[in-house]
Number of protein chains: 2
Amino acid sequence: MEPNAFKVRTALRRQRVTIMDVADSLGMTKSTVSRALNGYPDISESTRLKVRDAAERLGYRPLSNAQAIRTGRVRSIGLIIQISEYDRHRPFLADFLDGVSEAASAADWTMTVATAASDTDTFRLLCKLADERKVDGFILPRTLVDDPRVHLLREADVPFVLYGRTADDHGCAWFDIDSETAMADAVMRLAELGHERIGFIPAGDRYMYARLRSEGYRAGLKAAKLPFAAELVAPPALSRQEGANSARLILNQENPPTAILCAVDRAAIGVYDAAKELGLQIGRDLSLISYDDIPEAELMTPPLTTYAVDTRRAGARLTDLLIRRIKGEAPEKLRELDRARFVARGSHGFGPSAGPAKEINETVSKSGGKA
Amino acid sequence: MEPNAFKVRTALRRQRVTIMDVADSLGMTKSTVSRALNGYPDISESTRLKVRDAAERLGYRPLSNAQAIRTGRVRSIGLIIQISEYDRHRPFLADFLDGVSEAASAADWTMTVATAASDTDTFRLLCKLADERKVDGFILPRTLVDDPRVHLLREADVPFVLYGRTADDHGCAWFDIDSETAMADAVMRLAELGHERIGFIPAGDRYMYARLRSEGYRAGLKAAKLPFAAELVAPPALSRQEGANSARLILNQENPPTAILCAVDRAAIGVYDAAKELGLQIGRDLSLISYDDIPEAELMTPPLTTYAVDTRRAGARLTDLLIRRIKGEAPEKLRELDRARFVARGSHGFGPSAGPAKEINETVSKSGGKA
DNA sequence: GAAAGCTCCGAAACCGGTTTCGGCAACCCT
DNA sequence: AGGGTTGCCGAAACCGGTTTCGGAGCTTTC
C-alpha cells in the first residue's frame with residue numbers, strides 16, 4: 001500500500017520474520033536458506049551453520065501452512081472421538097489425549113481433535129478434515145469387527161492407524177492390547193485355583209476387542225483342559241445393569257459356575273450386585289476376574305481383580321505408528337501388540353470353597369471339588 | 001516432470017481438485033472463482049451460481065493451508081490443558097471438548113489440543129502453536145488471579161478468551177460462571193433455614209474462581225445480615241483429605257457452625273468424613289452445600305446439595321467468543337457471565353435442629369435456635 | 001453524442017515457503 | 001592442458017489459494 005510500508009512494519013516488529021528476512025540478513029537466497037534448514041545435502045556445512053545461526057538469532061519460525069502447501073503435510077494428526085456415556089467419567093480420555101499429545105509434540109506435530117455425536121457425524125468429520133487437509137491422518141479408536149471408517153479411509157488412501165484390530169486388517173496399521181491372552185490367562189489362573197466351572201460374561205461381537213476376549217476365554221479353557229459349556233456363557237453385558245442380569249442368569253442354574261470372568265469391568269460391577277442378592281460373597285463364594293481396571297474397580301468390596309491397560313502409552317505408540325505411516329512406511333510393518341497388566345486384588349479369591357487361603361488352595365488342587 | 005503429467009494425474013483421479021480445475025471447467029479464471037465463492041460483491045449473481053454449482057459438482061474443497069497463507073487464518077482454535085489428578089476421572093474434559101468441538105464445527109473451524117505437564121510446558125506450547133500459526137487463538141481454562149498466560153498472549157497480541165476471570169482483565173474476553181452469586185445464594189438459603197453460624201471452606205486464592213467464591217460467601221452473609229466470623233472460615237481445601245481436615249477444625253470449636261458451605265465439591269466429600277467421626281449426620285445435624293456437581297455428589301448419603309455447571313455450554317460459548325475475538329471484535333464486548341444451577345439434594349437439610357422437615361422449618365424461623 | 005460512471009471479470013501480483021534446474025568454480029584425472 | 005566430475009548455490013518455477021488493479025463493455029447523464 002504505502003510506499004514505506006516495509007519500514008513501518010519492521011519498525012513495529014509485530015510482523016513475523018520470514019525466510020526472506022533470514023536470507024537477506026545473510027545475503028543469500030531463500031532457496032539456500034530453505035535447503036540449509038531442511039538438511040539438504042547440497043549445502044556446505046559452514047553455510048548451514050550460518051543459516052541456522054541467523055534463523056535462531058532472528059527468531060525465525062517457518063509458517064506450517066506455507067510449508068504444507070508444497071510438502072503436502074501439515075504435521076497434524078486427527079482424532080475423532082465419539083463420547084459414550086460410559087466413558088465420560090473415566091480417565092481414559094485424559095490419559096489417551098495425554099499420550100497422543102506428548103508423542104506428537106516430541107515429533108513436532110500437533111493433534112486435531114473433534115467430537116462426533118453419531119456415526120454419520122464421524123464420517124462427515126473424517127471427510128472434512130481430510131479434504132481440507134487439516135490433518136495428515138487419523139487415529140481410529142474403538143474399532144469394530146467390520147469398521148466402516150476403515151473402508152472409507154482405505155478407499156480414499158488417507159493414512160490411519162487403529163487402536164484395536166479389525167477382521168480384515170489388510171492395509172491397516174494398528175496398536176492393540178492383547179486382551180485375548182489376558183482372558184486366557186485369567187481362565188488358567190482360575191483353573192489353577194481349582195475352578196472347573198468358569199462362567200463368562202462377554203461384551204458382544206460388534207467391537208473387535210469383545211470378540212477377541214471371547215476367543216481368549218475359549219483358548220484359556222482349552223489350555224486348562226476344561227470343557228466348553230454353553231450354559232456358562234452369559235448374554236453380553238456392557239453396563240452394570242446388564243452385568244447383573246447376566247450374572248443372575250448363569251448363577252441361577254442347577255450347576256452354577258464357581259468363578260466368573262467378565263470381558264469388561266463395568267459388567268463385573270454388576271456381578272457384585274447379583275452376588276449380593278444371592279447371598280454369595282465375592283472372593284470367597286464366587287471368584288471374579290475382569291478387564292479394564294476402571295477407577296471403581298479398587299473401590300469395590302472386595303476390590304476387583306482385573307487387567308490394567310496403559311492408555312497413555314497406547315496413545316503415544318499409536319501416534320508414533322501413525323506418523324511413520326504418513327511418512328510412507330508399509331502398514332504391515334506398523335503393528336504392535338502390548339500386554340495388559342494383571343492386577344491382583346481381592347475378587348478372584350482362593351478357590352471354589354470357603355475358608356482361609358492356603359488350606360483351600362491345597363484342598364482344591366487335590367480334590368478339584370466344586371462349591 | 002513428464003510432458004503429459006497432467007493427463008496422468010487427472011486420469012488417476014486421486015489428485016485433488018483445485019480451484020484451477022473449477023475455473024477451467026467454466027472457462028473462467030481462478031480469481032473469478034475465488035471471489036465468487038467468497039462472496040465478493042463484484043461478481044454477478046449468475047456467475048456466482050454457475051461457480052458454486054461447478055464447485056459442488058466437481059467436489060472442490062479449498063485447501064485450508066493454502067487459504068491461510070494469504071488470509072492469515074487457519075480457522076483453528078487452540079486448547080492447552082494441564083491435566084491435574086483431580087480432573088482425570090471427571091466428565092469435565094469430555095464435556096468441555098464436546099462443547100468446543102461442536103461450536104467450532106458449526107463455524108467450520110477445528111480444534112487443536114495439546115496437553116502440558118507443567119506451566120513451563122504450557123508456555124512453550126502457547127508460543128509454538130502461535131508462532132507456527134497452527135492456531136489463530138487460544139481458550140485458556142482455569143484462570144489464575146494473576147495469570148502469566150494472559151500477560152504473554154496480550155503482549156504478543158495473540159487472541160484469547162478466558163474460561164474464568166482474572167484480576168486485571170483489560171484486553172481480555174472471557175466467559176465465566178457466576179459462582180460468586182451462587183455462594184451468596186447458598187448462604188441466604190441456609191440463613192433462611194435458620195442457620196446463624198455458617199462455616200466456609202474456601203479453595204485458596206490462587207485461582208480466580210476461588211477468590212470469587214470467598215467473596216460470594218461474604219456477600220451472602222451481608223445480604224442475610226449475618227456477622228462475619230473469622231473462626232468460621234476454615235483453611236483452604238481442594239481435596240477430600242483437606243476438606244476433612246478443614247471441617248474438623250471448624251467443627252471442633254466451642255461454638256461450631258450448624259452449616260458448612262464449601263467452595264468445591266471435592267472438599268465437601270471430606271466434610272462427610274469429618275462429620276461421621278464426630279457423630280454428626282449431614283442433612284440433619286449439619287447442613288452442607290457445595291459447588292461443582294461432580295459425579296460423586298449424588299452418590300453420597302445423603303446426596304450432596306450443590307451448584308451445577310453446564311460445562312458443555314461453557315466450551316461452546318467460549319469458542320464462539322474466541323472466534324469473534326479473532327475476527328476483530330473488541331474484547332470488552334466479548335464477556336459473558338452465566339448462572340450456576342442449584343441442585344437441591346439431601347445435604348443442605350432443613351435447619352439447625354433435628355426432626356422432620358416442615359415442623360422444624362417453622363420452629364427454626366421463629367426461634368433462630370442453634371443445634 | 002461524448003464524458004462519466006457502473007458492473008463485472010481477467011491478468012497479475014502476492015502469501016511464504018519448497019523443490020527443480022542449471023551453472024560457476026574448484027578439483028581430479030589422464 | 002583439456003575434459004569430466006563434484007560441491008555448492010542462485011534463479012526461477014511451483015504449491016493453491018487470495019487480493020489488487022485495470023480495463024472492456026454497457027448504461028447513465030447532460
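Everything numeric here is computed off the predicted structure, so don't read it as measured data. Every chain is numbered from 1 and lettered A, B, ... according to where its sequence line falls, protein lines coming before strand lines.
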Do [X] and [Y] have side chains that get closer than 4.5 Å, going by heavy atoms?
X	Y	answer
B:Val150	B:Phe160	yes
A:Ser25	A:Leu58	yes
B:Leu322	B:Ile326	yes

Problem - Under-4.0 Å side-chain N/O to phosphate OP1/OP2 contact, B:Ser31 with C:dG10 - result: no

Practice task
May I ask you to evaluate whether A:Thr29 reaches the phosphate of D:dC9, defined as a side-chain N or O under 4.0 Å from OP1 or OP2?
Solution key: no

Donor-acceptor contact present, side-chain [X] to main-chain [Y], <3.5 Å:
X	Y	answer
A:Ser64	B:Glu132	yes
B:Arg124	B:Thr120	no
B:Arg75	B:Asp108	yes

Exercise for the section: If the plane angle is over 60° it's perpendicular, under 30° parallel, otherwise tilted; pick one for B:Phe96 and B:Tyr163. Expected result: parallel

Practice task
With heavy atoms under 4.0 Å as the rule, sort B:Met20 into base, sugar-phosphate or nothing.
Solution key: nothing

Exercise for the section: Using a 4.0 Å heavy-atom cut-off across all strands, classify A:Ser34 as base, sugar-phosphate, or nothing. Expected result: base

Could you check how far [atom1] of [X] sits from [atom2] of [N], rounded to whole Å?
X	N	atom1	atom2	answer
B:Asn65	D:dT18	CG	C1'	14 Å
B:Arg16	D:dG17	CZ	C1'	11 Å
B:Glu132	C:dG16	CD	C1'	14 Å
A:Arg133	D:dG16	CZ	P	8 Å
A:Asp24	C:dG17	CG	P	12 Å
B:Ile19	C:dG10	CD1	P	12 Å

Problem - Strand contacts (DNA chain C) in residues 66-75 of chain B, 4.0 angstrom heavy-atom criterion - result: B:Ile69, B:Arg70

Handout entry: Interface with DNA chain C, restricted to residues 36-56 of chain A and to heavy atoms under 4.0 Å
Key = A:Asn38, A:Tyr40

Problem - Residue B:Lys30, side-chain heavy atoms: nucleotide from C:dG10, D:dT18, D:dG10 that is nearest - result: D:dT18

Problem - Donor + acceptor pair across side chains of A:Asn65, B:Gln67 (<3.5 Å) - result: no

Exercise for the section: Go through the side-chain N and O atoms of B:Ser76 and B:Thr112 and say whether any donor and acceptor fall under 3.5 Å apart. Expected result: yes

Exercise for the section: Would you state whether a donor and an acceptor, one from the side chain of B:Arg35 and one from the base of D:dG17, lie under 3.5 Å apart? Expected result: no

